[in-house]
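Protein chains get the first letters and strands the later ones, always in sequence-line order, with residue 1 at the start of each. Predicted model, so just to flag it, every value in this text is computed and none were measured.
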There are 4 protein chains.
Amino acid sequence: MTTILKQEKDLISRQSAILEAGFELFAENGFAATRLEDVAARAGVAKGTLYLYFDNKEELFKRVVENTLILNIAPIEAKLEQHQGPVLPLLEDVFGHIGEMLSKSRIGTFPKIILAEANNFPELAKYYCDNVILRIQGFFTKIIEKGIATGEFRKVDPEASARILMAPFLMLALINQTPVIRDGIGLDPKAHIKAARDILISGLKA
Amino acid sequence: MTTILKQEKDLISRQSAILEAGFELFAENGFAATRLEDVAARAGVAKGTLYLYFDNKEELFKRVVENTLILNIAPIEAKLEQHQGPVLPLLEDVFGHIGEMLSKSRIGTFPKIILAEANNFPELAKYYCDNVILRIQGFFTKIIEKGIATGEFRKVDPEASARILMAPFLMLALINQTPVIRDGIGLDPKAHIKAARDILISGLKA
Amino acid sequence: MTTILKQEKDLISRQSAILEAGFELFAENGFAATRLEDVAARAGVAKGTLYLYFDNKEELFKRVVENTLILNIAPIEAKLEQHQGPVLPLLEDVFGHIGEMLSKSRIGTFPKIILAEANNFPELAKYYCDNVILRIQGFFTKIIEKGIATGEFRKVDPEASARILMAPFLMLALINQTPVIRDGIGLDPKAHIKAARDILISGLKA
Amino acid sequence: MTTILKQEKDLISRQSAILEAGFELFAENGFAATRLEDVAARAGVAKGTLYLYFDNKEELFKRVVENTLILNIAPIEAKLEQHQGPVLPLLEDVFGHIGEMLSKSRIGTFPKIILAEANNFPELAKYYCDNVILRIQGFFTKIIEKGIATGEFRKVDPEASARILMAPFLMLALINQTPVIRDGIGLDPKAHIKAARDILISGLKA
DNA sequence: AATGAATGAGCCTTCATTCAT
DNA sequence: AATGAATGAAGGCTCATTCAT
């Protein structure tokens, strides 16, 4: 049984290693400019091994995206579900939460990959749209609606405003994954999130 | 002489046609997925002709970007230079101005191209950063500083806040060039700009 | 116009060279064991050049087959059409004709290729079946029917007998293209055809 | 000991299963297009197991051929040896015998395999030539010689005529293993053999 | 200057073979 | 002995680039 467990672990870690390697290289170079040979090398396996886990390059790409997309949206949504009382503290909390996530994990790479390849992989873009963007947008929309209901916020268009709340996060995600530009404009994630929270929440308040 | 002029004009228009075609295809498919054969076809020339005007694919890409980048930042900057009195009306005006530009012209394609290929073309990204992003950022920074000076705005971090002002524009630019996503989330450019102006300006006001 | 003619000739000869090279190698090694690189080398062109003339390996294979199949069936059929009087001399003539063709040209390679790849290329086999085998079979069937009508031949099953007439030709075609076996069994094409004519015609005679 | 016997039997049956599976797939797809993975699957063993019984793909192929080649020529030869009196009845008998064998068993697959791969496996072809073709040819040659001696047959070239006798069998073997063509030309084995016997024996008779 | 046929390096993918378990 | 995951050489195909016309 120990052996079985070990094998299982090996299998999982090997697949993970490939997904991980694929993630890094796709994020760095885009889909086309990424060579499977390099993915294999970074994962520490042979070229042919990739095909034991993935049908082809496209499928690997999709799985890389999907795999990482089972992201921390659910826990955030849960917070809102359980939440009682004024939404302002929740919103402030969420700003910090997402901001930190985008600064530290590499989850912010995805918007970039998806946007870059959206025309070449429309189904993938749709998938991302439905499972990530729309869920986040829905989350913010509900917060705004609640805030309007409790009188905390002015009467704004909840959905359009939700997208305005999301914009600084998108910007952070994109630019933080692009060193040349991030360093070029001197963007500091913490200050960025702080300014976003400050201005946007002030702008919503009644 | 007429002939010479005509020839010259032909030369110019041929080069333009290539740049134009390259722009459209690079914007649609990214750098790698764009085939020079298709660029040539769309420009109405033969494949070999491209090489009479451009050294290679990379150079064509750079020239496409550089060529179209001489965008209308200057007039906007000029407005600020000449401007007297309260900055709020100017800022409101600028919101509409940029919003319209991004909705109608294809200038919004660039952020997407640049971000997608920033790691493969760092000099290009740097160039774009210096000549476009930083200038726009500087523009907004100055407006905020002036607004703080006139007492119109709260005391915020001008540069970080400038980036928050830019975020919805970046979002609009990116998503508007990506039909799958634009339609997927139901983004309406006008409503988007309206909400941005509303929330951000309220958020800045003293 | 001289130039145009020359170019046209070049194009034709290049395509022919590829078909020729493909023919030889496919005949020698079969479909799978033939490398396009070798086809290109034998045709005196680069690997990529093949793709200017053929979509892919399969298509090249089919074209090789089809191309050579516009063979000398038509002229033989014509003979029968024009023929008057007793069919025996015609049949004897045809034996010599086909025998010579199979001995000298490499047209006899096809049955072997087709049979070997029939399961991998069923449409091709069907094509060959309809356009070659059935036409030859029809030709012999008609001769036998005529011969029965004129009283030259016994009353035999015309179609089944036609296939018996064809059998020695098939054998010759297959074995003559397979040196190991041809030499191994000491098959001499002329003697083979002579014996076939002798026995089969005697066997049909009334 | 029962166990040992069982193991031994398992070994034998496993090897047989592989040879069997190989036979079917090689016959269907040819050498190159047959994947060892499929052979293993059809034999109900793992891919690696093949290599416990065979050095490599080529060797498996040869063994598949050799293994099944020990066909029933001997009993037929014996008949001739013991035979006394007129050969005509024997020849007629043999026609039915071989015809039935080719229609029912899969022994007719071999000519196709051998011919298709003769250039890639010359020793195999030689082996088949010496042990099968030449023996059958010798058998028919002797019958014809005897028949000439007894005055039953005309004075023909015995060896060349032997090959003419063999031709319809070869044709049947090849085409019967190739459904597309067999169905395409509407070949019926029984009628084919009947016509062959009829015409060829008539053709030989004095 | 313009063409487009030709080139060949490069990459994805397959599959015979190996080897740790 | 048996397994099947892993390997990597080999080959089909694409497309940026060249060059004869």
Take the protein atom [atom1] of [X] and the nucleotide atom [atom2] of [N], then report the distance between them rounded to whole Å.
{"X": "F54(B)", "N": "dA16(F)", "atom1": "CZ", "atom2": "P", "answer": "15 Å"}
{"X": "D55(D)", "N": "dT18(E)", "atom1": "CG", "atom2": "C1'", "answer": "14 Å"}
{"X": "L52(D)", "N": "dT18(E)", "atom1": "CG", "atom2": "C1'", "answer": "12 Å"}
{"X": "N56(B)", "N": "dA16(F)", "atom1": "CG", "atom2": "P", "answer": "11 Å"}
{"X": "L50(C)", "N": "dC13(F)", "atom1": "CG", "atom2": "C1'", "answer": "11 Å"}
{"X": "L60(D)", "N": "dT17(E)", "atom1": "CG", "atom2": "C1'", "answer": "14 Å"}
{"X": "Q15(A)", "N": "dA6(F)", "atom1": "CD", "atom2": "C1'", "answer": "15 Å"}
{"X": "D38(C)", "N": "dG11(F)", "atom1": "CG", "atom2": "P", "answer": "8 Å"}

If you only use heavy atoms from C-beta on, which nucleotide in [options] is closest to the side chain of [X]?
{"X": "V45(D)", "options": "dA5(F), dT3(F), dA2(E)", "value": "dT3(F)"}
{"X": "R14(B)", "options": "dT13(E), dA2(E), dT14(F)", "value": "dA2(E)"}
{"X": "K47(A)", "options": "dG4(E), dA2(E), dC12(E)", "value": "dC12(E)"}
{"X": "K57(C)", "options": "dG12(F), dT3(F), dT7(E)", "value": "dG12(F)"}

Please work out whether the ring planes of F121(D) and F61(D) are parallel, tilted or perpendicular, with thresholds of 30° and 60°.
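Taking F61(D) first and then F121(D), their aromatic rings sit tilted (interplane angle of 30° to 60°).
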Looking at Y128(C) versus F110(C), is the centre-to-centre ring distance below 6.0 Å?
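Not close enough - the centres of the two rings lie 6.0 Å or further apart.
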Of residues 23-37 of chain B, the positions that come close to DNA chain F - non-hydrogen atoms, cut-off under 4.0 Å
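Here the set is T34(B), R35(B), L36(B).
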For a quick test of reading the model, state the closest non-hydrogen atom pair linking F26(B) to K57(B) and the distance between them.
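So the minimum-distance heavy-atom pair works out to CE2-CE, 4.3 Å.
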Looking only at non-hydrogen atoms, find the nearest pair between A118(B) and A125(B) and report the distance.
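Heavy atoms of A118(B) and A125(B) come nearest at CB-CB, 3.9 Å.
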Watson-Crick or G-U wobble partner for dA9(E), using a 3.5 Å limit on both distances?
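Base-paired to dT14(F).
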Should dT21(E) form a Watson-Crick or G-U wobble pair with both distances under 3.5 Å, which nucleotide is its partner?
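dA2(F) - that is the nucleotide pairing with dT21(E), both distances being under 3.5 Å.
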Considering just the side-chain nitrogens and oxygens of Y53(A), establish if one lies under 4.0 Å of OP1 or OP2 belonging to dA6(F).
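Affirmative; the distance criterion is met.
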Looking at side-chain heavy atoms only, is the closest gap between L52(D) and V45(D) below 4.5 Å?
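L52(D) does not reach V45(D) side chain to side chain.
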Side-chain touch K112(C)/T178(C), heavy atoms, less than 4.5 angstrom:
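Yes, at least one pair of side-chain atoms sits under 4.5 Å.
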Roughly how far, to the nearest 0.5 Å, is the CD1 atom of I113(C) from the CG atom of L174(C)?
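Between L174(C) CG and I113(C) CD1, I get 11.0 Å after rounding to 0.5 Å.
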5'-most by nearest nucleotide on DNA chain E - Y51(D) or G44(C):
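Nearest-nucleotide comparison on DNA chain E picks G44(C).
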Assign each of E58(B) and G48(A) to its nearest nucleotide of DNA chain F by heavy atoms, then name whichever residue's nucleotide is nearer the 5' end.
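Whichever sits nearer the 5' end wins; that is G48(A).
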